[in-house]
**Student:** 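Before I ask anything, here is the structure I am working with.
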Amino acid sequence: MNSSFQAPVGTHDVLAPQSALWEGLIATFAQLAFRYGFTLVVTPMFEDIGVFNRGIGENSDVATKEMYVFQDRGERTYALRPEGTASVVRAFVQHQPTTPYKAWYVTPAFRYERPQAGRYRQHHQLGVEALGTDDPAIDVEVIALAWRFYQAIGLTQVRLLINSMGHDECRGRYVDVLRGHLEEYRDQLCDEHQKTWSQNPLRVLDCKKAPCVAITNDGPSLPDFLCADCAAHFDAVRRGLTQLGVDSTLEPRLVRGFDYYTRTTFEFVADALGGAQNAIGGGGRYDGLTEQLGGKATGGIGFGSGIERLLLAREAEGITSDLINRTIDVFIVDTTGGDVATSLADELRRAGYAVERAFDGRSMKSQMKLADRSGARLALLVGPQELEAGEITMRDLRSDDFEQAQLRVAREDLVGALRDRLNK
Ligand code: HAM
């Protein structure tokens, strides 16, 4: 019997070189979020289950079917975070930072879903939340940040779908009419929604099965039910996006999967991914969520974007550019026992270079092989001759011209010589 372990079903290990893309995505997002005035927020990976039940809605698919719930040794019931928003809002209510409070995060999220390409049981999100203002300008800022991020990582085939769910009253009126419509056709709905249409009619709009799509297409349309204030808010958001050159398409069926959404809702679809799991990001307003979690009424909006799907979308668009440079500058080949490599590596790393070396007293040949494999630009060779002369042999690993490629440098001149060779 094979006794070694594998990563759990629906999860993935990320190793180099793929992990350099993760570093690049996160660094790009962090930089952009900073420019837009967002600060990093870190919250626990698990919360009292009530944070999510009340936050995302006890009837949502995620809360009923997908949460990882456990009891700790003190018999408290916790859940692993299935998404980022509820935790950030819980922290906002707890700490009451000055508003507008604008925070970004990078976090794993856990959902017990049926794994397939682009859908995992542990995925990772980059996201932002902005709390404390109802101004449509913040909606525009949050959506534009996502859009600029997708541009920055090279994606070109992304569409922004947008809708407004209104506030409680307009949505309530819509849900009543929708429920009436669904009741009329309830026997024709898909199996699942024949059971649940009445409890949560909005979920039927999200259903991809043909009968549900047909029945809801003929039904009432959410934007027609917006009150004057919600309609004006939505107009202002769309005008703001147009002002910035961000194209959006009205999608009246877009209701998203959590109960906390009010007014603006949106999703970014990567067309290169085909039909399934093509949402690379989504979000919206959640003006009632702070109250649900015990705080004062405060407007909020944010989005989350799945790192795995962003990378799949880049791949599907054929984008191969690096997002961050992770090339090693020099590889030290020390055949005098390793002490020179130890001090030289330290010296050069402090001077700002990316340095690798060999261990375990390997032969010259074996160290040169490692140097080649490392992708380093230069090898620095130290043998008994160099040691005695106080010199280093510098070899360009990317050059075929042996004469050109090799150069002896005095140890004290090495940093200057590297600067010339590497231009940095
Ligand atoms: P969400 O649409 O559930 O929204 O997830 C956001 C993004 O995470 C999706 O668009 C997708 O890219 C990725 N994602 C979701 N589930 C999976 C999965 N099982 N496997 C791989 N990727 C996945 C939220 O989570 C909200 N918290 C977004 C938000 C922030 N709304 C307001 N603020």
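Order of appearance sets the numbers: ligands from 1, and atoms from 1 within every ligand. Quick caveat: nothing in here was measured; it's all calculated off a predicted structure.
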**Student:** State if Glu113 counts as touching ligand 1 under the rule of any non-hydrogen atom under 4.0 Å.
**Tutor:** yes
**Student:** Suppose I only count heavy atoms of Glu83 and a 4.0 Å limit; which atoms of ligand 1 are within that range?
**Tutor:** 25 (O), 26 (C), 27 (N)
**Student:** Answer with yes or no whether the side chains of Thr265 and Arg285 bring together a donor and an acceptor at under 3.5 Å.
**Tutor:** no
**Student:** Applying a heavy-atom cut-off of 4.0 Å, say which part of Arg119 lies close to ligand 1: side chain, backbone, both or neither.
**Tutor:** both
**Student:** Is it true that the side chains of Thr85 and Glu129 contain a donor and an acceptor less than 3.5 Å apart?
**Tutor:** yes
**Student:** At what distance is the nearest protein heavy atom to atom 31 (N) of ligand 1, and which residue and atom is it?
**Tutor:** Tyr261 OH, 2.6 Å
**Student:** So which protein heavy atom does atom 3 (O) of ligand 1 come closest to, and at what separation?
**Tutor:** Arg111 NH2, 2.9 Å
**Student:** For Gly281 and ligand 1, answer yes if some heavy atom of the residue is under 4.0 Å from a ligand atom, otherwise no.
**Tutor:** yes
**Student:** Check Phe110 against ligand 1 and report side chain, backbone, both or neither, counting heavy atoms closer than 4.0 Å.
**Tutor:** neither
**Student:** Just to check, does Gly284 reach to within less than 4.0 Å of ligand 1 when the distance is taken from its heavy atoms?
**Tutor:** yes
**Student:** Please confirm whether Gly306 comes within less than 3.5 Å of ligand 1 when only nitrogen or oxygen atoms on both sides are compared.
**Tutor:** yes
**Student:** Give the C-alpha distance, both sets of side-chain angles, the deciding distance and a yes or no for ring-ring contact (aromatic ring centres under 6.0 Å, His included) between Phe149 and Phe29.
**Tutor:** CA-CA 7 Å; Phe149 174 52; Phe29 192 74; 4.9 Å; yes
**Student:** Side chain or backbone of Gln125 under 4.0 Å from ligand 1, or both, or neither, by non-hydrogen atoms?
**Tutor:** side chain
**Student:** How are the rings of His181 and Tyr185 set relative to one another: parallel (under 30°), tilted (30 to 60°) or perpendicular (over 60°)?
**Tutor:** tilted
**Student:** Using a 4.0 Å heavy-atom cut-off, which part of Arg256 comes near ligand 1: side chain, backbone, both, or neither?
**Tutor:** side chain
**Student:** Please check if any side-chain donor atom of Arg309 sits under 3.5 Å from a side-chain acceptor atom of Gln277, or the reverse.
**Tutor:** yes
**Student:** Which atoms of ligand 1 are found less than 4.0 Å from any heavy atom of Phe303?
**Tutor:** 29 (C), 30 (C), 33 (N)
**Student:** Pick whichever of Gly300, Gly282, Gly118 has a heavy atom sitting closest to atom 21 (C) of ligand 1.
**Tutor:** Gly118
**Student:** Which of the numbered atoms in ligand 1 are below 4.0 angstrom from a heavy atom of Glu129?
**Tutor:** 30 (C), 32 (C), 33 (N)
**Student:** How far is atom 7 (C) of ligand 1 from its nearest protein heavy atom, and which residue and atom name does that atom have?
**Tutor:** Gly304 O, 3.6 Å
**Student:** Could you check whether Arg121 makes a cation-pi contact with Phe110, meaning its NZ or CZ is under 6.0 Å from the centre of the six-membered ring and within 45° of the ring axis?
**Tutor:** no
**Student:** So if I apply the side-chain contact (heavy atoms from CB on, under 4.5 Å) rule between Asp139 and each of Arg263, Arg238, His233, which one comes out positive?
**Tutor:** His233
**Student:** Tell me the protein heavy atom at minimum distance from atom 9 (C) of ligand 1, and give that distance in Å.
**Tutor:** Ala279 O, 4.0 Å
**Student:** Give me the nearest non-hydrogen protein atom to atom 20 (N) of ligand 1 as residue plus atom name, then the distance to 0.1 Å.
**Tutor:** Tyr120 N, 2.9 Å
**Student:** Taking 4.0 angstrom as the limit, do Arg357 and Asp334 come out as a salt bridge?
**Tutor:** no
**Student:** Check ligand 1 against Phe258 and write out every atom of the ligand that is under 4.0 Å from a heavy-atom position of the residue.
**Tutor:** 3 (O), 4 (O), 24 (C), 25 (O), 26 (C)
**Student:** What residue and atom, counting heavy atoms only, is the protein's closest point to atom 18 (C) of ligand 1, and at what distance?
**Tutor:** His123 ND1, 3.4 Å
**Student:** Where on Phe268 is there a heavy atom closer than 4.0 Å to ligand 1, on the side chain, on the backbone, on both, or on neither?
**Tutor:** neither
**Student:** When you measure from atom 32 (C) of ligand 1 to every protein heavy atom, which one gives the shortest distance, and what is it?
**Tutor:** Gly302 O, 3.2 Å
**Student:** Regarding Arg90 and Glu47, does a basic nitrogen lie under 4.0 Å from an acidic carboxylate oxygen?
**Tutor:** yes
**Student:** Regarding Tyr150 and Ser305, do their side chains bring together a donor and an acceptor under 3.5 Å, going by distance alone?
**Tutor:** yes
**Student:** Taking only heavy atoms of Ile280 into account, list the atoms of ligand 1 that are under 4.0 Å away from them.
**Tutor:** 10 (O), 12 (O)
**Student:** When the ring planes of His12 and Tyr120 are compared, do they come out parallel, tilted or perpendicular, using 30° and 60° as the limits?
**Tutor:** perpendicular
**Student:** Check ligand 1 against Tyr260 and write out every atom of the ligand that is under 4.0 Å from a heavy-atom position of the residue.
**Tutor:** 26 (C), 27 (N), 31 (N)
**Student:** Could you tell me which non-hydrogen atom of Ala27 sits nearest to which non-hydrogen atom of Ile324, and how far apart they are?
**Tutor:** CB-CD1, 4.1 Å
**Student:** Residues in side chain to side chain donor-acceptor pair (under 3.5 Å) with Glu356, at least two apart?
**Tutor:** none
**Student:** State whether Arg326 and Asp322 are salt-bridged, where the test is any N-O pair (Lys NZ or Arg NE/NH1/NH2 against Asp/Glu carboxylate O) under 4.0 Å.
**Tutor:** no
**Student:** Which residue holds the protein heavy atom closest to atom 30 (C) of ligand 1, what is that atom called, and what is the gap in Å?
**Tutor:** Thr85 OG1, 3.0 Å
